[in-house]
Amino acid sequence: MAVEVVTFGCRLNITESETMQRHAESAGLGDVVIVNTCAVTAEATRQARQSIRRIARERPEARIVVTGCAAQVEPETFAAMPEVSKVLGNEDKMKPETWAAVRDFGIAATEKVAVNDIMAVRETALHLIEGLRGHTRAFVQVQNGCDHRCTFCIIPYGRGNSRSVPMGAVVDQVRLLVEHGSREVVLTGVDITSYGADLPGAPRLGALVKAVLRHVPELERLRISSIDSVEADEDLLDAIANEKRLMPHLHLSLQAGDDMILKRMKRRHSRDDAIRFCDQVRSLRPDMVFGADIIAGFPTETEEMFSRSLDIVAECGLTHLHVFPFSPRPGTPAARMPQVSRDVVKDRARRLREKGEAALLRHLDAEVGATRNVLIELNRIGRTESFTPVRFSSAVERGDLRPVTITGHNGRELVA
């Protein structure tokens, strides 16, 4: 049977899953399930373990290889599971020789855990692929790792320190994807606004965006994934203002709206910084739509502090909200801080989601009657330039990019 990959977590994991699947298939492996885990929350790790047990029940003959961030930071947890045949770290999983070794020596015959010191990794190599199976947009990894140490986050210990892919390699990958039919490309990484600090000449993210658009004129739509607004450079702002192929949607890593909580998180922006950035970008690109990550119930958060996170939804003009109820991640400073009760955390997350739903509803209302260019995905769903989902009432062709008139919405999606 073919190699199957089960992916948890971020867009970067999606690109890496595609690379791993291709390496494993090229190595001649079969009847293997690769579980690419996420460690952003303790719940994500729990879900991965639950999925592994389910896979073992449904496919008892399959060998299960576990990798990704949770496997990197908790290899012993997965190695102890009888369902797991192999645990691979984030560095080894991307090497074709790793999968060749699994083939040549047998999964069970080798040492069960192959997890190296991720902090010792100094480079990130780009793995050229022609496209992502099952996806209409392609993701290109331009950066990996993070040099910052937010008190709630375990990801640097799963991904290592920040390292960037050279600009020429990124351009080559985007060109290859476009040649094979990709109409939209997303530049992704762990902390992409830190891009380039480790490269000769220290180019910034804005220079990379301009290089991609300049050297791949056939690319119709370019997006950038979650950014840290405090690191946005002048070239990036100029591209936002003047490059119409750069889509008017930014997802911000805000996390909170209260300055004391931001300080305790070790974030590098203030509340005013976030609001000022959104105002500046909207003045440059009036059609810009913002999404954001916000954590509800961070340790020591009072009701007054939480109210500032509620208020920042309107003050930043956020539309697409990703709400995370805080859960303590073992090994992080935040796990040792005075915790907010779980009932309060859940209630605040609910209220924050309701705020986000109301903001989305206002956005959907405003889109009715507009004409938008929509990239068609699966199941009669597409995305506008601002990443808003559109549901079609009749059959449409996946991968088509077409102008459509928005006729209404269902409270979650636009309708055309």
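It should be emphasised that the depicted structure is a prediction, and the values quoted were computed from it without experimental measurement. All residue numbers refer to positions in the sequence shown, counting from 1.
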Apply salt bridge (Lys or Arg N to Asp or Glu O under 4.0 Å) to the pair E304 and R308, showing each step before the final yes or no.
CA-CA 7 Å; E304 183 180 4; R308 295 190 183 98; 3.0 Å; yes
Given T7 and N36, is the side chain to side chain donor-acceptor pair (under 3.5 Å) satisfied, shown in steps?
CA-CA 5 Å; T7 305; N36 196 10; 4.9 Å; no
Donor-acceptor contact present, side-chain [X] to main-chain [Y], <3.5 Å:
| X | Y | result |
| --- | --- | --- |
| D233 | G206 | yes |
| E413 | G411 | no |
| W99 | G28 | no |
| D273 | S270 | yes |
| T151 | R264 | yes |
| N13 | T37 | yes |
| D259 | R271 | yes |
| E301 | G297 | yes |
| S225 | L187 | yes |

Does any non-hydrogen side-chain atom of [Y] lie less than 4.5 Å from one of [X]?
| X | Y | value |
| --- | --- | --- |
| I34 | V32 | yes |
| L199 | M167 | no |
| F324 | D293 | yes |
| I294 | L352 | yes |

Assess the side chains of [X] and [Y]: does a donor N or O sit below 3.5 Å from an acceptor N or O?
| X | Y | value |
| --- | --- | --- |
| H363 | T388 | yes |
| R329 | T41 | no |
| D198 | S164 | yes |
| H215 | R175 | no |
| S51 | R54 | yes |

Measuring from atom [atom1] of [X] to atom [atom2] of [Y], what distance do you get when rounded to the nearest 0.5 angstrom?
| X | Y | atom1 | atom2 | result |
| --- | --- | --- | --- | --- |
| Q21 | E25 | CD | CD | 4.5 Å |
| Q255 | D228 | CD | CG | 9.0 Å |
| Y195 | Q143 | OH | CD | 10.0 Å |
| R350 | K355 | CZ | NZ | 13.0 Å |
| I192 | L205 | CD1 | CG | 5.0 Å |
| I381 | F392 | CD1 | CZ | 8.5 Å |

Least distance between heavy atoms, [X] atom then [Y] atom:
| X | Y | result |
| --- | --- | --- |
| P156 | C146 | CB-O, 3.9 Å |
| L318 | G291 | CD2-O, 4.4 Å |
| G89 | T67 | O-OG1, 3.6 Å |
| A256 | I261 | CB-CG2, 3.8 Å |
| F290 | C316 | CD1-O, 4.0 Å |
| H249 | S386 | CD2-O, 3.6 Å |

Consider side chain to side chain donor-acceptor pair (under 3.5 Å). Of H251, E385, E184, which one does R223 pass it with?
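By the side chain to side chain donor-acceptor pair (under 3.5 Å) criterion, R223 pairs with just one of H251, E385, E184: E184.
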Should we count CD of E58 as having more than 12 external heavy atoms under 6.0 Å?
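Counting other residues, nucleotides and ligands, CD of E58 exceeds 12 neighbours.
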Answer yes or no: are there more than 12 heavy-atom neighbours, outside E234 itself, under 6.0 Å from its atom CD?
no
I need the single residue from R137, R391, R398 that forms a salt bridge (Lys or Arg N to Asp or Glu O under 4.0 Å) with E377. Which is it?
R137
What's the verdict on side chain to side chain donor-acceptor pair (under 3.5 Å) for S253 and R267, showing C-alpha distance, side-chain angles and the deciding distance?
CA-CA 10 Å; S253 181; R267 301 294 297 164; 3.1 Å; yes
Assess whether a salt bridge exists between R57 and E83, defined as any Lys/Arg side-chain N lying under 4.0 Å from an Asp/Glu carboxylate O.
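Salt bridge between R57 and E83, a charged N being under 4.0 Å from a carboxylate O: no.
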In sequence, state the C-alpha distance, the side-chain angles, and the governing distance for V212 and K210, and then conclude on side-chain contact (heavy atoms from CB on, under 4.5 Å).
CA-CA 6 Å; V212 168; K210 288 185 172 182; over 6 Å; no
L252 and F277: side-chain contact (heavy atoms from CB on, under 4.5 Å), yes or no, with the steps?
CA-CA 10 Å; L252 309 177; F277 176 79; 3.8 Å; yes
Any chance you could lay out the salt bridge (Lys or Arg N to Asp or Glu O under 4.0 Å) test for E303 and R351, step after step, and finish with the verdict?
CA-CA 12 Å; E303 180 63 25; R351 291 158 61 194; 2.5 Å; yes
Would C69 and N90 count as a side-chain contact (heavy atoms from CB on, under 4.5 Å) here? Give the steps.
CA-CA 7 Å; C69 289; N90 268 336; 3.5 Å; yes
Hey, mind stepping through R46 and E43 against salt bridge (Lys or Arg N to Asp or Glu O under 4.0 Å) and telling me if it holds?
CA-CA 5 Å; R46 187 195 68 79; E43 174 64 14; 2.6 Å; yes
Give the intermediate values and the outcome of salt bridge (Lys or Arg N to Asp or Glu O under 4.0 Å) for residues R63 and D31.
CA-CA 7 Å; R63 295 167 295 175; D31 211 9; over 6 Å; no
With side-chain contact (heavy atoms from CB on, under 4.5 Å) as the test, would you mind laying out the steps for V209 and E243 before giving the verdict?
CA-CA 9 Å; V209 166; E243 298 283 2; 5.7 Å; no
Does F298 have R348 sitting over its ring (NZ/CZ under 6.0 Å from centre, angle to axis within 45°)?
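No, cation not above the ring by the 6.0 Å, 45° rule.
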